[in-house]
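This chain uses plain numbering: 1 for the first residue, then up along the sequence. No experiment lies behind these values; they were computed from the predicted model shown.
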Amino acid sequence: MFKHRVMWNVLGCLTSCFTQGLLLLAMSTLLACQSSPHTTVKNHSLQPKRVHQLPHLQVAKSTDGVQDINWQITLIQNKRALFFNQYPSFNLHSVAKTVSGHTGCNSVYGRYHYNFAQRRLDFDVMAGYDSCNRALAQEADLMDALQRVKYFQFDGAVLYLIDERGQRLIQAQRSR
């Protein structure tokens with residue numbers, strides 16, 4: 001009986017030692033896979049490393065002198081345009097045929113149809129709906145005028161937006 005007990009103790013010790021050995025072997029293998037030797041790369045030429053960059057995208061801009069320019073509105077139906085949050089302005093974006101701008105209080109946005117050769121310009125615009133003290137009358141005049149525009153005249157620095165009867169509704173100048 002004593003022999004069997006000693007034999008089971010020896011077998012238990014061997015099994016335990018074997019298991020611990022396997023565990024140590026597995027841990028050292030994992031550590032070896034995760035670590036890498038530290039290497040230092042020196043830049044002996046003192047030249048900056050080249051970084052690959054995507055080329056800059058160039059947005060096509062119109063060269064007609066009317067589109068893709070920020071126009072500050074100076075007169076609305078023969079009344080001087082007033083500053084509220086900012087001066088009224090607009091920009092005709094030639095690629096998307098969209099309008100963006102400001103009434104002085106609210107943003108203006110929408111679409112437009114344009115024919116430079118015939119001097120035709122039609123707006124389909126809307127404005128935001130924030131309330132600014134005393135800006136409501138100017139905003140109403142501006143939105144009414146923009147809806148009535150059918151033509152334009154252009155002399156380089158000043159743009160006139162004109163209705164069907166030839167009446168100048170809006171005068172704008174290039175923003176500085």
Completion exercise
What one should report as the nearest heavy-atom pair of Pro88 and Ile76 is CG-CD1, 4.4 Å
Handout entry: Qualifying residue for side chain to side chain donor-acceptor pair (under 3.5 Å) with Ser94, from Asp64, Asp68, Thr63
Key = Asp68
Handout entry: Side-chain donor or acceptor of Gln72 paired with backbone N/O of Tyr87 under 3.5 Å
Key = no
Exercise for the section: Give the minimum heavy-atom separation between Cys132 and Asn85, together with the two atoms involved. Expected result: SG-ND2, 3.7 Å
Problem - Sidechain-backbone polar pair: Ser175 side chain, Asn70 backbone, donor-acceptor under 3.5 Å - result: yes
Exercise for the section: Report whether Ile73 and Val66 are members of the same hydrophobic cluster (ILVMFWY, side-chain heavy atoms less than 4.5 Å apart, transitive linking). Expected result: yes
Exercise for the section: Output the distance between atom CD (Gln171) and atom CG (Leu75), rounded to the nearest 0.5 Å. Expected result: 4.5 Å
Exercise for the section: Compare all side-chain heavy atoms of Arg165 with those of Lys150 and state whether any distance is below 4.5 angstrom. Expected result: no
Practice task
To the nearest 0.5 angstrom, please state how far the CZ atom of Arg111 sits from the CG atom of Leu92.
Solution key: 12.0 Å
Handout entry: same_hphob_cluster(Trp71, Ile170) at 4.5 Å side-chain heavy-atom cutoff
Key = yes
Practice task
Flag the pair Gln153 / Arg168 as yes when at least one side-chain heavy-atom distance between them is below 4.5 Å, and no otherwise.
Solution key: yes
Practice task
Please examine the side chains of Val99 and Leu146, heavy atoms only from C-beta on, and report whether any two atoms are closer than 4.5 Å.
Solution key: no
Problem - Gln138 (side chain) donor-acceptor with Thr103 (main chain) under 3.5 angstrom - result: yes
Fill in the blank from the handout: residues 102-159 vs ring-ring contact (aromatic ring centres under 6.0 Å, His included), sequence neighbours excluded, gives Tyr114-Phe152
Problem - Under 3.5 Å donor-acceptor, Thr98 side chain and His93 backbone - result: no
Exercise for the section: Count the heavy atoms belonging to other residues, nucleotides or ligands that lie under 6.0 Å from CG of Asp144, then report whether that count exceeds 12. Expected result: yes
Handout entry: Cluster link Ile69 to Phe90, ILVMFWY, side chain under 4.5 Å
Key = yes
Exercise for the section: Specify the closest pair of heavy atoms between Cys105 and Ala135, including all atoms of both residues, with the distance to one decimal. Expected result: CB-CB, 3.8 Å
Practice task
Could you walk me through whether Val125 and Met143 pass the side-chain contact (heavy atoms from CB on, under 4.5 Å) test, one step at a time?
Solution key: CA-CA 8 Å; Val125 294; Met143 295 307 292; 3.9 Å; yes
Practice task
Could you tell me whether the side chain of Arg174 and the main chain of Leu159 form a donor-acceptor pair under 3.5 Å?
Solution key: no
Handout entry: Side-chain donor or acceptor of Asn106 paired with backbone N/O of Asp130 under 3.5 Å
Key = yes
